[in-house]
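Here the structure is laid out as structure tokens; the discussion comes afterwards.
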Amino acid sequence: MANKKRIYIAYTGGTIGMKPSQNGFVPVAGYLSETISNMPEFYHDDMPEFEIHEYEPLIDSADISPQAWQGLAEDIQQKYQDFDGFIILHGTDTMSYSASALSFIFESLSKPVIITGSQIPLSQLRSDARANLLNSLYIAAHYPINEVCIFFNNQLFRGNRTTKQHADGFSAFVSPNYPILLEAGIEIKNVAGKKQKTVNTRLTIGKIEKQSIAILHLFPGLDWQVLDNLLKSPLQALVLLTYGVGNAQQDPQLLNTLKEASERGILIVNCSQCLKGSVNMEGYATGHALSEVGVISGLDMTTETVIAKLHYLLSQDLAVNVIKELLTTDLRGELSKPA
Ligand code: ASP
């Protein structure tokens, strides 16, 4: 086929390229590239050309970090002009965090970036890796959507809307508050109607560094002193996982602790423990009390996106008030504004 698209594959690690060992699956340098080179379907006429770049060391995605996100973004920025699309091979455990973080770091994306991986290594019988990687390559070349996506189990998702829902099933990801972008059935269905042209502009990337952030999952019987101690540490932001539409217990000491922390400039973001739906602190008195003490609504963002957005925004040179404003602003399609 003339004018084949060229896709860059950044291989960071994860199950997809692992090899069985006496201690379970481990990533082994060279093993994934060798396995692919023995699979003729990757070289079919309708497939794009691709180049695999293996990172050193290959990691289990539990070890991913803001520093690694910055490195990945810089690598893709360097290769940006030479390729039509980018695939990142990544472990599933933290894939949604990385997809969210990269969506913020890439400030002017005009080519597709698809993150994928698998639950069973490519080299194993019954692996889901073959379909995930083949489809990701095919979609990046023929159905580009110029944003950071995750492809998994025949579905293409907006990356910063996903969360890992299944520890050992093939349907590892869901996008609870945003529709699927593409569905790979007998045909590739453009569910969101978003087929786009890739443009060869320059890619600008932002900076991301590790910030001091904590998550606290509310539960009946939470001792306010635990929260107080947490907020005394050198914390910049706290994500509160609240009940339902954003409610918390009406414990005056707990509310007072939150108020004092917010006044000291600590960002406190309200995310729901529910998978679907949006925070609305005006729904109940128990939620309203949180907005009164300075808690910021996480709206319908996933916890993964809020963590990535906080790392990103706190890495820029911005005043706390500006960060508060940006947290509830749609920067990369990561949130829906209430009607
Ligand atoms: N522990 C692995 C990882 O996230 C799991 C996977 O790849 O699916 O790297």
Side-chain angles (χ1 to χ4, degrees), residues 9-36 39 42 52-73 75-76 86-103 105 113-137 139-140 148-157 159-176 184 208 210 215 275 302-305 307-308 311:
I9 304 181
Y11 171 34
T12 66
T15 300
I16 191 162
M18 290 192 188
K19 190 175 183 177
S21 80
Q22 280 182 340
N23 303 324
F25 288 121
V26 284
V28 174
Y31 186 62
L32 178 89
S33 308
E34 188 195 316
T35 311
I36 291 177
M39 299 175 85
F42 283 95
I52 305 175
H53 174 70
E54 275 193 21
Y55 285 13
E56 155 69 42
L58 293 168
I59 58 166
D60 183 298
S61 75
D63 286 324
I64 203 78
S65 61
Q67 198 190 348
W69 292 330
Q70 186 78 54
L72 241 172
D75 181 30
I76 289 180
F86 300 84
I87 290 180
I88 300 172
L89 299 180
H90 193 291
T92 56
D93 289 349
T94 58
M95 193 180 280
S96 294
Y97 289 94
S98 294
S100 302
L102 289 169
S103 78
I105 308 171
V113 175
I114 301 180
I115 312 185
T116 193
S118 67
Q119 296 280 49
I120 301 179
L122 180 63
S123 60
Q124 301 298 297
L125 192 69
R126 295 185 51 250
S127 173
D128 51 333
R130 178 181 173 277
N132 286 348
L133 182 52
L134 271 177
N135 277 297
S136 297
L137 279 162
I139 288 169
V148 180
C149 303
I150 286 185
F151 185 85
F152 221 88
N153 197 33
N154 292 320
Q155 295 184 317
L156 187 77
F157 304 98
N160 59 25
R161 290 300 196 130
T162 62
T163 194
K164 185 172 178 184
Q165 63 150 355
H166 207 313
D168 51 28
F170 287 148
S171 59
F173 294 93
V174 273
S175 174
I208 196 161
K210 180 167 102 176
I215 301 187
L275 193 61
T302 61
T303 307
E304 291 88 335
T305 278
I307 294 289
H311 273 305

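Start at 1 and go down the list; that is how both ligands and their atoms are numbered.
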TODO: Before signing off on this row, confirm whether T94 and ligand 1 have an N or O atom pair separated by under 3.5 Å.
DONE: no

Task: Side-chain donor or acceptor of Q70 paired with backbone N/O of I208 under 3.5 Å - done: yes

Open item on the list: Let me confirm one number: the CG-OG1 distance from L89 to T116, rounded to the nearest 0.5 Å.
Closed with: 7.0 Å

Open item on the list: Between ligand 1 and D93, is the shortest N or O to N or O distance under 3.5 Å?
Closed with: yes

- [ ] Using distance alone, decide if ligand 1 has a nitrogen or oxygen within less than 3.5 Å of any nitrogen or oxygen in S61.
- [x] yes

- [ ] Could you establish whether S118 and ligand 1 come within less than 4.0 Å of each other, counting only heavy atoms on the residue side?
- [x] yes

- [ ] Report yes if some heavy atom in the side chain of D75 is under 4.5 Å from a heavy atom in the side chain of Y55; otherwise report no.
- [x] yes

TODO: Would you please say whether a donor-acceptor pair under 3.5 Å links the side chains of T15 and Q119?
DONE: no

- [ ] Would you mind checking which non-hydrogen protein atom is closest to atom 8 (O) of ligand 1, with the distance to 0.1 Å?
- [x] T92 OG1, 2.4 Å

Open item on the list: Using a 4.0 Å cut-off to any heavy atom of T15, which atoms of ligand 1 qualify?
Closed with: 2 (C), 5 (C), 6 (C), 7 (O), 8 (O)

Open item on the list: So I76 and L102, do their side chains get closer than 4.5 Å, heavy atoms only?
Closed with: no

Task: Per-atom contacts, ligand 1 versus G14 - under 4.0 Å to a heavy atom - done: 7 (O), 9 (O)

- [ ] Report the distance from atom CD1 of I9 to atom CZ of F42, rounding to the nearest 0.5 Å.
- [x] 7.5 Å

